[in-house]
Amino acid sequence: NCMRALSYLFFCFILLIGKSHSATVEALTLKATFVLKFIPFIEFPAKPSQYRIGFLGRKENLPEFAAVFRDKSHDNIKFEVIDVDPHSDLSKINILFIESNRFPENVDQLKALIISDEKSGLHKGANINFLIVGESVKFEINQNKSQENGYKISSRLLNLAMRVVQ
C-alpha cells in the first residue's frame, strides 16, 4: 500500500508539473502574441531592416516564444528571435523580451524596446511590462522611458494599457 500511495503521489506531482508548464507556455505564447501585435502601434527611432528580438529567459521557453514570430513580418520587415543572456552583446537587437528575474545590469543603457513580465518591470527599466491580473494578461507602459529612447507609442495602444507612467 505504501508503494501504491507513493506511485499515486508521484503521478499527481507529474500531472501538476505538466499542468503548470502548460499554463506557463500558454501565458508566454500569449505574451509573444501581444508583442507581435504591439509592433504596428510603435514607431521606432529608426526603421529597422529586421526586427531582432532578444529573448532573455529560460532556454526551454524559447521555442514556444519564437514560434509566434516564425514567418511573420510587419511592413515587409521580418522578425528574428535570438537567445541572449545578460552578458550578450545586446546592441544589435531592437526588442528585448525579459522573463521574470533576468534583468541585465546595463538595461538603462540599452536603446532596444524593452518588454518584461515581472511585477517591478517598469521600475527596473522596461518600456512595456506584462502583469497577470486574476487569470488575465495585462500590460503597462512607461511612456517617459519610451519617449526618452525615441519610441512613439500610439494613443490606441496607450489606451489599452492597464497603467501608463507619464
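What's counted below: heavy atoms across the whole structure, side chains too, no hydrogens, waters or symmetry copies.
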Just how far is it from atom [atom1] of [X] to atom [atom2] of [Y], taken to the nearest 0.5 Å?
X: Gln147; Y: Lys145; atom1: CD; atom2: NZ; answer: 12.5 Å
X: Glu148; Y: Asn142; atom1: CD; atom2: CG; answer: 7.5 Å
X: Phe97; Y: Ile128; atom1: CZ; atom2: CD1; answer: 11.0 Å
X: Asn127; Y: Leu113; atom1: CG; atom2: CG; answer: 4.5 Å
X: Leu62; Y: Leu28; atom1: CG; atom2: CG; answer: 9.0 Å
X: Phe34; Y: Lys37; atom1: CZ; atom2: NZ; answer: 11.0 Å

> Hey, are the side chains of Ile53 and Phe69 touching, using non-hydrogen atoms and a 4.5 Å cut-off?
Replying inline: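 Yes, at least one pair of side-chain atoms sits under 4.5 Å.
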> Can you check side chain to side chain contact (heavy atoms under 4.5 Å, CB included) on Ile95 and Ile115, steps first, answer last?
Replying inline: CA-CA 7 Å; Ile95 301 169; Ile115 302 173; 4.1 Å; yes
Contacts of type salt bridge (Lys or Arg N to Asp or Glu O under 4.0 Å), residue [X], not counting sequence neighbours:
X: Asp89; result: Lys92
X: Lys59; result: Asp83
X: Lys31; result: Asp117

Flag yes if [X] and [Y] sit in one hydrophobic cluster, no otherwise; membership is Ile, Leu, Val, Met, Phe, Trp, Tyr, and two members link when side-chain heavy atoms are under 4.5 Å apart.
X: Ile153; Y: Leu122; result: no
X: Ile42; Y: Phe139; result: yes
X: Leu30; Y: Leu131; result: no

> Who are the side chain to side chain donor-acceptor pair (under 3.5 Å) partners of Lys124, not counting sequence neighbours?
Replying inline: Glu118
Heavy-atom closest contact ([X] atom, [Y] atom, distance):
X: Thr29; Y: Glu64; answer: OG1-CB, 4.1 Å
X: Ser116; Y: Gly121; answer: OG-CA, 3.4 Å
X: Pro45; Y: Asn149; answer: CG-O, 3.2 Å

> How would you list, by chain and number, every residue that makes a ring pair (Phe, Tyr, Trp, His ring centres under 6.0 Å) with Tyr151, sequence neighbours excluded?
Replying inline: Phe44
> Could you give all pairs that pass the salt bridge (Lys or Arg N to Asp or Glu O under 4.0 Å) test and reach residues 128-138, with sequence neighbours left out?
Replying inline: none
> Hydrophobic clusters join Ile, Leu, Val, Met, Phe, Trp and Tyr when side-chain heavy atoms are under 4.5 Å apart, directly or via other members; which others share one with Val84?
Replying inline: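 Answer for Val84: Leu56, Ile82, Leu90, Ile93, Leu96, Ile98, Phe103, Val107, Leu110, Ile114.
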>> I'd like to check the side-chain contact (heavy atoms from CB on, under 4.5 Å) partners of His74; sequence neighbours left out, ordered by chain and number.
In response: Ile39, Pro40, Tyr51, Phe79
Show every donor-acceptor pair shorter than 3.5 Å between a side-chain atom in residues 157-166 and any protein atom, with sequence neighbours excluded, or say none if there are none.
residue: Asn159; atom: ND2; partner: Ser155; partner atom: O; Å: 3.1
residue: Arg163; atom: NE; partner: Glu140; partner atom: OE1; Å: 2.9
residue: Arg163; atom: NH2; partner: Glu140; partner atom: OE1; Å: 3.1

>> Does Asn61 form a side chain to side chain contact (heavy atoms under 4.5 Å, CB included) with Glu99? I'd like the steps, not just the answer.
In response: CA-CA 10 Å; Asn61 292 341; Glu99 276 193 300; 3.0 Å; yes
> Is there any side chain to side chain donor-acceptor pair (under 3.5 Å) pair reaching into residues 38-50, and which pairs are they, with sequence neighbours excluded?
Replying inline: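 Matches after skipping sequence neighbours: none remain.
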